[in-house]
Amino acid sequence: MSCYELEALRLGLMNVLGTDDDHAREHAEQELEGRRDGPIGALADAETLSAVERHLDAALVDLEETVAATDADDPEYDYLRGRLVAVRDAERAVHRLTAQGESVRDGLGEAHDVLHEAFPVED
């Protein structure tokens, strides 16, 4: 059993962050071998945080549907539910990352405005 959504998310975040960890990338690629279709593949290939959020949401919907369609007596049922909890937690972490990035961006804009107020530029 594998956590496809989490490995795809790791790859997408490596793309976004420009991470050059060949070992981690190879491991994630191996975990996803044969599973890079649909939202999982799009998530693994994401290059922006907004794309990561969008494809993670789609992957989460697919996982929720899988859990809902799995009989509670199935030996994989508990694992699937645990995977769902882990992916929902990861989704919240990505939202926090996006919010923090936006806060930094907004703070830089405010710093820029304050700098121009303190040192006006004459036209």
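The side chain to side chain donor-acceptor pair (under 3.5 Å) pairs that include a residue from residues 102-114 are His112-His116, where partners are two or more places apart or lie in different chains.
The heavy-atom pair separating Ala44 from Asn15 by the smallest distance is O-ND2, 2.9 Å. Across all their heavy atoms, Val67 and Arg81 have their closest contact at CG1-CG, 3.9 Å.
Taking CG from Asp78 and OG1 from Thr70, the interatomic distance works out to 11.0 Å, rounded to the nearest 0.5 Å. Going from atom NE2 of His27 over to atom CG of Asp22 covers 14.5 Å, rounded to the nearest 0.5 Å.
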Apply side chain to side chain contact (heavy atoms under 4.5 Å, CB included) to Glu47 and Val16, showing your working. CA-CA 5 Å; Glu47 294 184 357; Val16 169; 5.6 Å; no
Please assess Val52 against Leu9 for the test side chain to side chain contact (heavy atoms under 4.5 Å, CB included), listing each intermediate value before the final yes or no. CA-CA 7 Å; Val52 165; Leu9 176 57; 3.5 Å; yes
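Partners of Asp89 by salt bridge (Lys or Arg N to Asp or Glu O under 4.0 Å), not counting sequence neighbours, listed by chain and number: Arg92. Glu7 is linked by a salt bridge (Lys or Arg N to Asp or Glu O under 4.0 Å) to Arg10, counting only residues two or more places apart in sequence or in another chain. Asp62 pairs by the salt bridge (Lys or Arg N to Asp or Glu O under 4.0 Å) definition with nothing, not counting sequence neighbours. Arg88 meets the salt bridge (Lys or Arg N to Asp or Glu O under 4.0 Å) test with Glu64; sequence neighbours excluded. Legend: residues meeting side-chain contact (heavy atoms from CB on, under 4.5 Å) with Arg35, ordered by chain and number and at least two apart, are Tyr4.
Inter-residue side-chain proximity for Leu84 and Leu60 is flagged as met; some heavy-atom pair is nearer than 4.5 Å.
Between Asp45 and Arg36 there is a salt bridge, since a side-chain N of the basic residue sits under 4.0 Å from a carboxylate O of the acidic one.
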